[in-house]
*Asks:* 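The structure that follows is given in the form of structure tokens.
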Amino acid sequence: MSIKITFPDGAVREYDKGITALDIANKLSNSLGKKILSAKINNKVCDATLPINDDATLELLTWNENDGKQTFWHSSAHLLAEALESLYTGVKFGIGPPIDNGFYYDVDFGDNVVSANDLVKIEKKMKDLAAQKSEYKRQEISKADAIQYFTEKGDEYKLELLDGLNDGEITFYTQGNFTDLCRGPHIPNTGFIKSIKLMKIAGAYWRGDEKRKQLTRIYGVTFPNQQELDDYLLMLEEAEKRDHRKLGQQLQIYTFDEEVGPGLPLWLPNGGFLIEKIEELAKKTEDEAGYSRVRTPHIAKEALYLRSGHLPYYAESMFPPMELDNVKYYLKAMNCPHHHKIFGAIPKSYKDLPIRLAEYGTCYRYEDSGSLFGLMRVRSLQMNDAHIYCTKEQFEQEFRAVNEMYLKYFKIFGIEKYKMRLSKHEPSKLGQKYINEPELWIETEKMVRDVLISSNIPFDEVPDEAAFYGPKIDIQIYSVIGREFTLATNQVDFAQGRRFNLKYVNKENQEDYPIIIHRAPLSTHERFIGFLLEHYAGNFPLWLTPKQVAILPISDKFLDFSTQIANELKANGFRITLDERAEKIGKKIRDAELMKIPYMLVIGEKEVENQQISVRKHGKGDIGTFTIQDFNLLLQKELEN
RNA sequence: GCCGAUAUAGCUCAGUGGUAGAGCACUUCCUUGGUAAGGAAGAGGUCAUGGGUUCAAGUCCCAUUAUUGGCUCCA
């Protein structure tokens with residue numbers, strides 16, 4: 001009997017029934033047989049060794065396909081487990097999935113003590129096992145037999161996983177002496193795994209639940225050859241150079257001090273400058289968009305946060321209150337309640353709406369000590385905050401305008417790698433994590449979705465990520481070391497208007513509650529500048545960079561002319577620094593390059609003679625001689641872009 | 001908050017139980033040098049903090065603080 005196999009390019013070939021993707025790959029070419037990791041049969045990723053018994057579509061998956069990589073790393077996780085089981089007695093296994101860059105396995109080591117020092121030893125064992133080229137053998141097994149196997153082995157984690165599986169859908173995979181509960185698929189044999197690096201060891205809660213036991217998670221990455229591993233490690237090293245914590249120190253942007261406190265950054269003059277510039281941009285943009293600026297205190301009485309509903313939902317993230325004259329005061333963790341009070345201070349008519357209140361508000365949040373991270377996760381932060389109060393009819397237009405403002409900013413900063421996420425509520429948590437208004441949730445989530453779709457903005461929908469008062473759009477970005485953060489957020493609030501008794505009089509002379517939009521397109525200064533440092537790798541654009549031009553006299557004989565140039569550029573509004581040190585020009589250039597100053601002017605005898613300047617561009621080198629007028633123009637032109 | 005690692009000069013780091021080191025930065029002097037580090041001298045540390053073990057602790061142990069890799073959390 002023969003079957004018809006359809007390939008991705010549309011070609012159809014006939015094979016004997018029961019043939020495997022691996023056989024087909026081998027028939028097609030020897031080298032392909034050595035590269036095939038798994039196969040997509042009728043669009044489902046399967047073992048390359050799975051017999052195909054009916055007509056099917058077939059895609060052979062190699063290292064070049066993401067699904068192939070995932071198979072490879074999944075099998076690598078099993079290899080890690082095999083190594084661990086052979087090295088340590090009494091090891092129990094949780095889960096071991098592939099991830100974006102490699103894989104991990106969560107392990108209960110029992111009485112064994114395993115630390116980062118042991119990774120080399122484990123790695124070596126994995127290499128030995130890989131060299132044995134053990135096949136990954138699939139076996140369908142009844143639930144009863146599976147339970148018996150893991151009961152005998154004493155692995156309560158696998159038993160718990162089995163609990164959630166049905167008879168008939170349970171498979172084991174065995175390679176060498178190691179058998180694991182796994183739905184697969186896997187690569188043909190361990191010999192495909194040529195280079196192995198165990199990256200880190202860390203604690204991880206079983207099933208992600210902090211109330212349950214913490215297992216030991218070992219992260220690793222593997223490749224089909226050594227070169228790819230070397231390239232990957234080099235890439236990581238390069239990424240580390242862009243880390244905002246490193247650049248923040250190098251470029252003197254911010255610092256922490258133990259006596260000031262964890263998560264409380266001190267902005268150095270260069271960082272202070274960046275803040276000024278970003279606020280300047282925000283104020284201009286918000287002025288043009290019809291926002292009004294307000295100012296609010298950094299603390300408020302408990303009553304305010306009881307009214308807003310923040311206290312029951314959010315108390316753990318606030319600094320503990322200070323008590324004065326029997327009244328509790330809190331440092332503000334968000335600006336909205338204050339802004340709501342401003343809205344409510346003066347009676348409103350529909351003719352006043354929309355009202356847009358903006359403030360670069362300073363907030364304090366008591367973040368878990370373990371989650372603090374450079375500038376990206378801090379305890380004192382200043383938010384590009386604003387609240388828009390509008391009618392239901394105005395909502396769509398206002399929400400759309402906010403989204404457009406986001407996109408405008410992203411264009412200015414060249415932000416292209418981000419994910420827009422529609423964060424929705426989780427119905428089962430109504431009344432706990434979310435305000436108990438089931439219809440309003442559905443209605444506003446639909447409103448937000450409609451705006452996004454009609455604006456042609458791609459987005460993902462994610463349940464259980466909403467604010468307690470309404471759905472939101474989050475813009476997710478990644479730090480250079482791969483951590484995900486919400487950069488900006490645009491939230492709908494159908495609840496707080498009522499809570500704060502914010503009313504306006506509508507056309508029919510009846511009182512109504514406004515819908516509120518909370519928005520922070522430029523995030524907080526802390527997270528945004530942290531992000532920008534990594535985004536630009538410290539090379540800020542000319543308009544934003546604290547110092548635009550470094551003037552470097554070749555010797556102090558040329559200080560007069562250099563000062564004259566400096567004054568002229570300053571008079572034209574440029575930010576310059578004059579290096580008066582008695583250092584050689586090479587040294588001055590090196591230091592200016594390290595500080596990533598966009599332009600360097602080298603001034604010596606020739607320049608004084610010709611009344612010109614030699615210009616060097618950061619990262620590019622000498623770009624020639626300019627008159628001062630021409631250099632002015634060059635800068636002006638770059639600023640206009 | 002939880003599991004692990006780390007903490008030595010402003011920065012990067014060496015120092016495996018016997019009285020503290022390097023490079024860069026800083027100060028002074030010499031050098032006036034043409035596109036990524038000129039030379040010399042000097043100053044700078046209660047080895048994060050507090051306990052403990054020891055004849056002796058930067059070094060070993062414990063706690064605390066901070067940083068850090070993850071997990072959890074994240075309006």
Side-chain angles (χ1 to χ4, degrees), chain A residues 104 106 109 113-117 199-219 243 245-246 249-250 252 255-263 308-310 313-314 316-318 333-337 363 365-374 376-378 381 383 385 423 433-434 465-470 472 474 481-486 489 491 493 496 518 520 527 552-559 581-595 600-607 614-624:
Chain A
Y104 65 78
D106 282 350
F109 276 109
V113 179
V114 179
S115 76
N117 299 330
M199 304 297 291
K200 47 201 169 198
I201 183 163
Y205 300 109
W206 170 234
R207 307 212 117 176
D209 184 344
E210 63 178 323
K211 289 182 191 73
R212 306 198 62 180
K213 184 162 181 174
Q214 195 159 58
L215 307 180
T216 304
R217 176 172 296 179
I218 296 181
Y219 284 91
D243 191 311
R245 293 167 296 182
K246 203 163 204 146
Q249 178 182 282
Q250 202 180 314
Q252 299 175 11
T255 188
F256 287 105
D257 184 283
E258 198 168 328
E259 286 187 2
V260 174
S308 70
H310 281 104
Y313 290 96
Y314 199 58
E316 281 191 359
S317 294
M318 295 177 76
M334 63 294 297
N335 303 301
C336 27
C363 301
R365 296 182 180 175
Y366 191 74
E367 301 286 358
D368 280 348
S369 59
S371 64
L372 299 176
F373 177 70
M376 301 282 209
R377 197 79 186 281
V378 290
L381 45 109
M383 217 188 301
D385 213 353
S423 299
K433 190 174 170 187
Y434 303 112
E465 287 288 343
F468 78 85
Y469 45 63
K472 55 179 181 160
D474 291 323
I481 64 165
R483 272 203 220 173
E484 181 174 344
F485 289 96
T486 299
T489 171
Q491 312 177 348
D493 178 351
Q496 297 226 52
H518 305 234
R527 190 168 288 182
L552 314 176
I554 292 211
S555 86
D556 55 14
K557 285 188 221 151
F558 315 110
L559 263 178
R581 296 175 303 167
E583 293 289 351
K584 286 191 157 182
I585 191 66
K587 171 74 169 160
K588 292 183 181 181
I589 286 170
R590 178 180 157 80
D591 288 345
E593 289 280 359
L594 287 175
M595 286 306 281
M600 288 147 276
L601 306 183
V602 175
I603 291 171
E605 200 172 346
K606 276 188 296 187
E607 287 73 18
S614 291
V615 181
R616 185 187 161 96
K617 194 164 182 175
H618 169 63
K620 289 226 167 71
D622 198 343
I623 59 167

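Chain letters run A, B, ... following the sequence lines, proteins first, then strands; residues in each count from 1.
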*Asks:* Between Ile201(A) and Glu465(A), just flag the one whose closest nucleotide in RNA chain B comes earlier from the 5' side.
*Replies:* Ile201(A)

*Asks:* Counting side-chain heavy atoms from C-beta on, which of G70(B), A75(B), G34(B) comes nearest to Arg217(A)?
*Replies:* G70(B)

*Asks:* Compare the minimum distances between each of C3(B), A75(B), U32(B) and the side chain of Gln214(A), then state the nucleotide with the smallest one.
*Replies:* C3(B)

*Asks:* What is the base-pairing partner of G58(B), counting Watson-Crick and G-U wobble geometry with both distances under 3.5 Å?
*Replies:* none

*Asks:* Between CZ of Arg590(A) and CD1 of Ile585(A), what distance do you get to the nearest 0.5 Å?
*Replies:* 14.5 Å

*Asks:* May I ask you to verify if any side-chain N or O of Lys200(A) is less than 4.0 angstrom from the OP1 or OP2 atom of G70(B)?
*Replies:* yes

*Asks:* Would you say a side-chain N or O of Arg483(A) is under 4.0 Å from OP1 or OP2 of G70(B)?
*Replies:* yes

*Asks:* Please state how far atom CD in Glu593(A) lies from atom P in C24(B), giving the value in whole angstrom units.
*Replies:* 20 Å

*Asks:* Output the rounded distance in Å from NZ (Lys587(A)) to P (G33(B)).
*Replies:* 19 Å

*Asks:* Taking CD from Gln252(A) and C1' from C26(B), how many angstroms apart are they, rounded to a whole number?
*Replies:* 13 Å

*Asks:* Measure the distance from CD on Glu583(A) to C1' on A36(B) and round it to the nearest whole Å.
*Replies:* 13 Å

*Asks:* Indicate yes or no: at least one non-hydrogen side-chain atom of Phe558(A) is less than 4.5 angstrom from one of Glu605(A).
*Replies:* yes

*Asks:* Within this structure, what is the NZ-CZ distance for the pair Lys200(A) and Arg217(A), rounded to the nearest 0.5 Å?
*Replies:* 10.5 Å

*Asks:* Quiz question: going by heavy-atom distance under 3.5 Å, is there a donor-acceptor pair between the base of G34(B) and the side chain of Glu607(A)?
*Replies:* yes

*Asks:* Using whole Å, what does the distance between atom P of nucleotide U65(B) and atom CD of Glu259(A) come to?
*Replies:* 15 Å

*Asks:* Heavy atoms only: give me the nearest Met318(A)-Ala333(A) pair and the separation to one decimal.
*Replies:* CG-CB, 3.8 Å

*Asks:* What is the separation between atom CE on Met600(A) and atom P on A36(B), rounded to the nearest whole Å?
*Replies:* 10 Å

*Asks:* Given that both distances must come in under 3.5 Å, which nucleotide forms a Watson-Crick or G-U wobble pair with U6(B)?
*Replies:* A66(B)

*Asks:* In this structure, how many angstroms lie between the C1' atom of C73(B) and the CG atom of Asp209(A), rounded?
*Replies:* 12 Å

*Asks:* Nearest to the Arg377(A) side chain among C74(B), G34(B), G1(B), which nucleotide is it?
*Replies:* C74(B)

*Asks:* Which value, rounded to the nearest 0.5 Å, describes the distance between Arg212(A) atom CZ and Glu210(A) atom CD?
*Replies:* 13.0 Å

*Asks:* Which of the following nucleotides, U35(B), G70(B), U32(B), is nearest to the side chain of Arg616(A)?
*Replies:* U35(B)

*Asks:* In terms of ring plane angle, is the pair Phe485(A) and Phe373(A) parallel, tilted or perpendicular, where the classes change at 30° and 60°?
*Replies:* parallel

*Asks:* Scan every strand shown for a Watson-Crick or G-U wobble partner of G42(B), both distances under 3.5 Å, and answer none if you come up empty.
*Replies:* C26(B)

*Asks:* If you compare every side-chain N and O of Tyr314(A) against the phosphate oxygens of C73(B) (OP1, OP2), does one of them come in below 4.0 Å?
*Replies:* no

*Asks:* With the side chain of Leu594(A) defined as its heavy atoms from C-beta on, choose the nearest nucleotide among U32(B), A36(B), U67(B).
*Replies:* A36(B)

*Asks:* What nucleotide among A75(B), U72(B), A66(B) has an atom nearest to a side-chain atom of Pro262(A)?
*Replies:* A66(B)

*Asks:* Considering every strand shown, what is the Watson-Crick or G-U wobble mate of C13(B) when both distances are under 3.5 Å?
*Replies:* G21(B)

*Asks:* On RNA chain B, compare the nucleotides closest to Tyr205(A) and Lys557(A); which residue's is nearer the 5' end?
*Replies:* Tyr205(A)

*Asks:* For a quick check of understanding: with a heavy-atom distance under 4.0 Å over all strands, which category does Gly208(A) fall into, base, sugar-phosphate or nothing?
*Replies:* sugar-phosphate

*Asks:* What is the separation between atom CZ on Phe373(A) and atom P on G70(B), rounded to the nearest whole Å?
*Replies:* 8 Å

*Asks:* Applying a 4.0 Å non-hydrogen cut-off, can you work out what Ala582(A) is touching in the nucleic acid: base, sugar-phosphate, or nothing?
*Replies:* base

